[in-house]
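As a basis for the values below, the full set of heavy atoms in this structure was taken, side chains included, without hydrogen atoms, waters or symmetry mates.
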Amino acid sequence: MGIKVWNYLAEYEAERADILDAVDTVFRSGQLILGQRVGDFERAFADYHGVPHCAGVDNGTNALVLGLRALGVGRGDEVITVANTAAPTVVAIDAVGATPVFVDVHPETYLMDVDRVPDVITERTKCLLPVHLYGQCVDLAALTEHAAAYGLAVLEDCAQAHGARRHGKLAGTTGDAAAFSFYPTKVLGAYGDAGAVITSTPAVDAALRRLRYYGMEDRYFVEATPGHNSRLDEVHAEILRRKLIRLDDYLAARRAIADRYAEGLAGTDLVLPALADGNDHVYYLYVVRHPQRERIIAELAARDITLNVSYRWPVHLMKGFAHLGHRRGDLPVTERAADEIFSLPMYPSLTKAEQDLVVEALRDVLAAL
């Protein structure tokens, strides 16, 4: 089968009995939608983060959409974020009728350059949306200072940062709310789409619960601004609750793989991941950089090793966002990175032998360039 950039099959075999028991438990419970299992997972996920509220939703994109709406972001507002992210971050901003405004990223970490944020704040700015990218955190201490100075909300995009910390503080626990994805590839992944929003503000949590259920508080009666169907299902809630217990084990495995890559690739001209000061990286992705990326990817593919690019096309240059009026050169750091970055295989069940094959293949290819 070769070595894939992500593969869940070995992990599933190790956890299969527990996963199937979770499914059977739900099916035998008589409750399939917004029952006990969703509530159990919401409490467990909130407790893990040390916050009082968690609302489970159907996917990470809607976690962002509902998070923005619960914070009062809507048509005519501006939301400051980055273009070096998965498109759903920006799709969510567009979905609530707001306009995404981009700042460039740091050249070493590819995270939001927080110092640039004040330069793009206008009277229409309503929210800051930092993306904790690849598994480490944006400088939220500095970002929240900007938010406080201008009276802005902060919604953290934590889709790639389950369990990541900055100066000991978990991703998702600094802003007004935080959106998580549990897409299967994530550090904490379901077996399909799922998501959640955490917050310390009761009013935000109440709004989230209405918005995920058509705007209803009681069945069949829409109380406030209509929402839509964005409910986390009982099966994935129970699977996620059980996997959450193993989250710290997943993180330890990912960090061990990252350490092994760093040791094995030392001395090459491959640019390895940079750790921002104060961060505990969870390595959702192990992102490296080289100007001959395409040749490297092709050479490893010939050896049946799959690499990936996250992300090849910055959002501000995508055709679907042409109406924003951006041109190449507007975000030079983001654009240069997009031409050179790529990801190595990274998942907890990746064996040492497989890691060694990746390292050996990379060293051989790099030496021949």
Side-chain angles (χ1 to χ4, degrees), residues 44-54 60 63-64 67 71 80-82 84-85 89 103-118 121 127-181 186-188 196-201 204 244 247-259 261-262 271-287 333 337 346:
F45 199 64
D47 287 346
Y48 180 88
H49 290 89
V51 300
H53 306 293
C54 171
L64 289 165
L71 292 172
I80 297 173
T81 190
V82 293
N84 181 35
T85 183
T89 304
V103 293
D104 219 336
V105 298
H106 283 287
E108 293 84 18
T109 64
Y110 318 121
L111 297 169
M112 174 185 276
D113 187 343
V114 174
D115 292 339
R116 296 176 180 268
V117 168
I121 292 175
C127 183
L128 308 180
L129 206 170
V131 180
H132 300 311
L133 196 70
Y134 304 148
Q136 66 173 327
C137 299
V138 172
D139 182 358
L140 277 213
L143 192 68
T144 52
E145 286 184 9
H146 298 322
Y150 291 92
L152 306 175
V154 176
L155 175 63
E156 299 178 55
D157 185 341
C158 297
Q160 301 186 11
H162 309 74
R165 295 176 184 267
R166 183 172 179 81
H167 298 301
K169 194 173 179 63
L170 277 166
T173 61
T174 300
D176 297 286
F180 290 82
S181 170
K186 303 303 184 185
V187 175
L188 179 63
V197 185
I198 64 172
T199 182
S200 294
T201 305
V204 173
L244 179 60
L247 177 55
D248 289 343
D249 293 334
Y250 300 153
L251 300 183
R254 287 176 177 272
R255 287 173 176 139
I257 293 168
D259 288 345
Y261 277 149
V271 178
L272 303 181
L275 183 65
D277 181 52
N279 274 355
D280 292 327
H281 207 311
V282 298
Y283 296 100
Y284 166 61
L285 299 176
Y286 192 88
V287 177
V333 180
M346 171 59 78

Could you check whether any side-chain heavy atom of [X] comes within less than 4.5 Å of a side-chain heavy atom of [Y], counting everything from C-beta outward?
X: V204; Y: D176; value: no
X: Y150; Y: P118; value: yes
X: V51; Y: T199; value: no
X: L111; Y: V105; value: no
X: V131; Y: V138; value: no
X: F45; Y: L188; value: yes
X: I257; Y: R254; value: no
X: H167; Y: N279; value: no

message: Tell me whether R116 is salt-bridged to D104, with the criterion being a basic N under 4.0 Å from an acidic carboxylate O.
response: no
message: Checking V282 against Q136 for the side chain to side chain contact (heavy atoms under 4.5 Å, CB included) test, could you report, in this order, the C-alpha distance in whole Å, the side-chain angles of both residues, the deciding distance, and whether it holds?
response: CA-CA 7 Å; V282 298; Q136 66 173 327; over 6 Å; no
query: For the side chain of D280 and the backbone of A164, is there at least one donor-acceptor N/O pair under 3.5 Å apart?
result: no
- prompt: Can any side-chain N or O of T89 pair as donor or acceptor with the backbone N or O of T85 at less than 3.5 Å?
  reply: no
task: Output, in order, the C-alpha distance, side-chain angles, deciding distance and verdict of side chain to side chain contact (heavy atoms under 4.5 Å, CB included) for E156 and T174.
output: CA-CA 8 Å; E156 299 178 55; T174 300; 3.8 Å; yes
field: Validation row, ring centre Y284 to ring centre Y134 under 6.0 Å
entry: no
- prompt: If you measure only the distance, is there a donor-acceptor pair under 3.5 Å linking the side chains of Y48 and D248?
  reply: yes
- prompt: With no hydrogens and no angle check, do the side chains of H132 and Q160 hold a donor and an acceptor under 3.5 Å apart?
  reply: no
Heavy-atom pair of closest approach, residues [X] and [Y]:
X: Y286; Y: A262; result: OH-N, 3.6 Å
X: A196; Y: A63; result: O-CB, 3.6 Å
X: A276; Y: R166; result: CB-NH1, 4.1 Å
X: L155; Y: G67; result: CD2-C, 4.0 Å
X: P130; Y: V154; result: CD-CG1, 4.1 Å
X: C158; Y: A171; result: SG-C, 3.9 Å

With rounding to the nearest 0.5 Å, note down the distance linking [atom1] in [X] to [atom2] in [Y].
X: L71; Y: C127; atom1: CG; atom2: SG; result: 6.0 Å
X: N84; Y: D113; atom1: CG; atom2: CG; result: 12.5 Å
X: T173; Y: H49; atom1: OG1; atom2: NE2; result: 7.5 Å
X: E145; Y: L140; atom1: CD; atom2: CG; result: 11.5 Å
X: D115; Y: L143; atom1: CG; atom2: CG; result: 10.5 Å

- request: Fit a plane to each ring of F180 and H162, take the angle between them on a 0 to 90° scale, and name the class: parallel (under 30°), tilted (30 to 60°) or perpendicular (over 60°).
  value: tilted
- request: Scan L128, D139, V103, T144 and name whichever one has a side chain to side chain contact (heavy atoms under 4.5 Å, CB included) with V114.
  value: D139
task: Go through L152 and I121 one step at a time and tell me if the side chain to side chain contact (heavy atoms under 4.5 Å, CB included) criterion holds.
output: CA-CA 10 Å; L152 306 175; I121 292 175; 3.9 Å; yes
- request: Show the numbers, then the answer: is there a side chain to side chain contact (heavy atoms under 4.5 Å, CB included) between D157 and L64?
  value: CA-CA 7 Å; D157 185 341; L64 289 165; 3.8 Å; yes
